[in-house]
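What's counted below: heavy atoms across the whole structure, side chains too, no hydrogens, waters or symmetry copies.
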Amino acid sequence: MAKPAEPKASQPAPQQARPNVKWDTTNLRSSYSNFCNANSTREEVVLNFGVNKTWERGAQDALDIELNHRIVLSPFAAKRLTELMQNLMKEYEARYGALPEK
């Protein structure tokens, strides 16, 4: 007489293989930014990056900010960027110490 099949232990679901990403850096350019401004509409999130060229310390009547880049994201991409930046800052602070809140 055949032996009844033993219940199999639950095995984790196989993970999908991640695609091999090839980075094309042909048109990659680096630039410095010490200023960022953001706004949004229902359909998009807009990030403006630039350089604050006002070097004097203390109270200022006006700031001289040169905007260099505008990045327009879907709200979904902006949310992924938020999570990416939060994780990056956690790693940074674990490595180098906490940054002040402001």
Applying the 4.5 Å side-chain criterion to the ILVMFWY set and letting contacts propagate, would F49 and M85 be lumped into a single cluster?
-> yes
Nearest heavy-atom pair of [X] and [Y]: which atoms, and what distance?
X   : Y   : answer
E44 : V72 : OE1-CG1, 3.5 Å
I71 : L73 : CG2-CD2, 3.9 Å
V45 : A78 : CG2-CB, 3.8 Å
N48 : L67 : CB-CD2, 4.1 Å
G50 : S33 : O-OG, 2.9 Å

Say you draw a straight line from CG of D64 to OG1 of T54; how long is it, rounded to the nearest 0.5 Å?
-> 5.0 Å
Nearest-0.5 Å distance, OG of residue S74 to NZ of residue K79 | 12.0 Å
Is there a side-chain contact between L47 and L81 (heavy atoms, below 4.5 Å)?
-> yes
Between S31 and H69, does any side-chain donor sit less than 3.5 Å from a side-chain acceptor?
-> yes
Ring pair (Phe, Tyr, Trp, His ring centres under 6.0 Å) pairs touching residues 83-102, sequence neighbours excluded, are Y92-Y96
For N68 and Y32, what are the C-alpha separation, side-chain angles and deciding distance, and is it a side-chain contact (heavy atoms from CB on, under 4.5 Å)?
-> CA-CA 9 Å; N68 303 107; Y32 175 77; over 6 Å; no
